[in-house]
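Structure, as structure tokens:
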Amino acid sequence: MTAVLYVVSTPIGNLEDITLRAIRTLKEADLIAAEDTRHSLKLLSHFGISKPMISYWSGREKARAEEVMSALREGRSVALISDAGTPGINDPGAVLITEAIKAGIEVVAIPGPSAFLAALSISGLDTGEFTYIGFLPAKPGQRKKALERLAREPRTMVFYEAPHRIIDTLIDMEEAFGKTRQASLAREITKLHEEVLRGDIAHILDQLENKTIAGEYVVTIAGAVHQPGGMEEALLEIDELIKTGMGRKEAVKKVAADYGLGKKELYDKSLHGASEPGD
Ligand code: SAM
């Protein structure tokens with residue numbers, strides 16, 4: 001084989017999801033660069049593949065990319081794999097791929113599973129336009145801010161989340177996007193305990209109360225619906241809430257979530273038209 005970097009997708013749970021081309025490429029490559037060599041050995045031995053391996057670990061991605069580049073420069077072909085799914089999608093890969101492209105080395109995709117695409121395809125939400133977000137910040141404050149920034153995003157959004165944070169993240173999503181925003185929660189796709197919950201965020205949270213929280217999750221959220229006059233109506237509603245005695249900040253927060261509008265813009269606009277200066 002000549003120097004080619006193959007970016008090979010591997011199963012996200014069910015080994016039957018590996019493609020024939022992925023097996024052939026892994027068998028024919030001179031070297032396999034794996035996110036975790038021990039983890040990938042199980043997959044490779046299942047398919048009777050025995051090849052020299054090199055660790056391509058995210059903690060030292062730059063240094064590892066250099067090592068893999070040396071092999072490519074020597075004319076060897078390399079198959080890059082991650083622990084599951086598609087390399088470079090919330091997995092190491094980007095540094096090596098960029099370096100290979102810069103060095104004029106051919107980079108070839110061997111496509112296959114990716115959790116976000118599988119989850120999106122069965123979400124029941126609009127797939128015409130979507131945006132992949134991946135993991136939100138783990139710190140609650142940063143996560144809330146990130147979600148607030150996405151409140152007006154009109155495209156379907158796809159998130160990855162760890163099981164120990166899924167409830168908190170959904171609660172934050174409910175606050176940022178509103179209770180009635182449509183969503184889908186896919187768990188353990190292609191695995192034994194595969195399950196998809198669909199409905200509005202509040203309904204999904206209700207359903208989770210009786211469920212074991214474990215495994216891997218993808219959250220898909222419908223984009224914000226912008227109706228003509230949305231801002232006007234939102235400002236009127238804020239005024240109404242203030243008249244009932246609610247503080248401006250609280251009113252803005254509520255209306256921003258219900259209308260899928262940005263809190264800051266709404267706050268500024270509501271102040272601009274406010275009859276009570278300094279409120
Ligand atoms: N490279 C992978 C891909 O292409 O999907 C993603 C790797 S990322 C480190 C791992 C995250 O992907 C998990 O925390 C989970 O959010 C999601 N994920 C991976 N496998 C999954 C599965 N079988 N079911 C649901 N989510 C999964």
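It should be emphasised that the depicted structure is a prediction, and the values quoted were computed from it without experimental measurement. Whatever order the structure lists ligands and atoms in, that order sets their numbers, starting from 1.
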F159 vs L147 side-chain heavy atoms within contact, under 4.5 Å: yes

For atom 18 (N) of ligand 1, what's the nearest protein heavy atom and its distance? A115 CB, 3.4 Å

Part of I189 within contact of ligand 1 (heavy atoms, under 4.0 Å): both

For I105 and A3 the tightest heavy-atom approach is CG2-O, 3.9 Å

Please say whether N90 places an N or O atom under 3.5 Å from an N or O atom belonging to ligand 1. no

Out of I89, L117, D17, whose heavy atom sits nearest atom 6 (C) of ligand 1? I89

Any nitrogen or oxygen of I12, main chain or side chain, under 3.5 Å from a nitrogen or oxygen of ligand 1? yes

Could you walk me through whether L80 and V8 pass side-chain contact (heavy atoms from CB on, under 4.5 Å), step by step? CA-CA 6 Å; L80 171 68; V8 183; over 6 Å; no

Atoms of ligand 1 less than 4.0 Å from F135 heavy atoms? 8 (S), 11 (C), 14 (O)

Where is the nearest protein heavy atom to atom 25 (C) of ligand 1: which residue, which atom, and how far? E216 O, 3.3 Å

Ligand 1 atoms nearer than 4.0 angstrom to some heavy atom of K191 are 23 (N)

Minimum heavy-atom distance between A202 and E174, given as atom pair plus value: CB-OE2, 3.4 Å

Checking side chain to side chain donor-acceptor pair (under 3.5 Å) against Y56, which of E61, R64, E67 comes through? E61

Shortest non-hydrogen contact between I133 and M157, atoms and distance: CG1-CB, 4.3 Å

If we number the atoms of ligand 1 from 1 as shown, the ones under 4.0 Å from a heavy atom of E161 are 16 (O)

Do Y217 and ligand 1 have an N or O pair less than 3.5 Å apart? yes

Report yes if some N/O of D91 lies less than 3.5 Å from some N/O of ligand 1; otherwise report no. yes

Using a 4.0 Å cutoff against the non-hydrogen atoms of V218, which atoms of ligand 1 qualify? 25 (C), 26 (N)

Residue pair R143 / A138: nearest heavy atoms and the distance that separates them: NH1-O, 3.4 Å

Within a distance under 4.0 Å of any heavy atom of G85, pick out the atoms of ligand 1 and give their elements. 3 (C), 4 (O)

For T156 versus L125, what's the shortest heavy-atom pair and its separation? CG2-CB, 4.2 Å

For A84, take its heavy atoms, then give the atoms of ligand 1 lying under 4.0 Å from any of them. 1 (N), 2 (C)

N or O pair under 3.5 Å between A186 and ligand 1: no

Side chain or backbone, does Y160 bring an N or O within less than 3.5 Å of an N or O on ligand 1? yes

With side-chain contact (heavy atoms from CB on, under 4.5 Å) as the criterion, how do M173 and V219 come out once you've worked through the C-alpha distance, each side chain's angles and the decisive distance to 0.1 Å? CA-CA 10 Å; M173 286 176 164; V219 187; 3.8 Å; yes

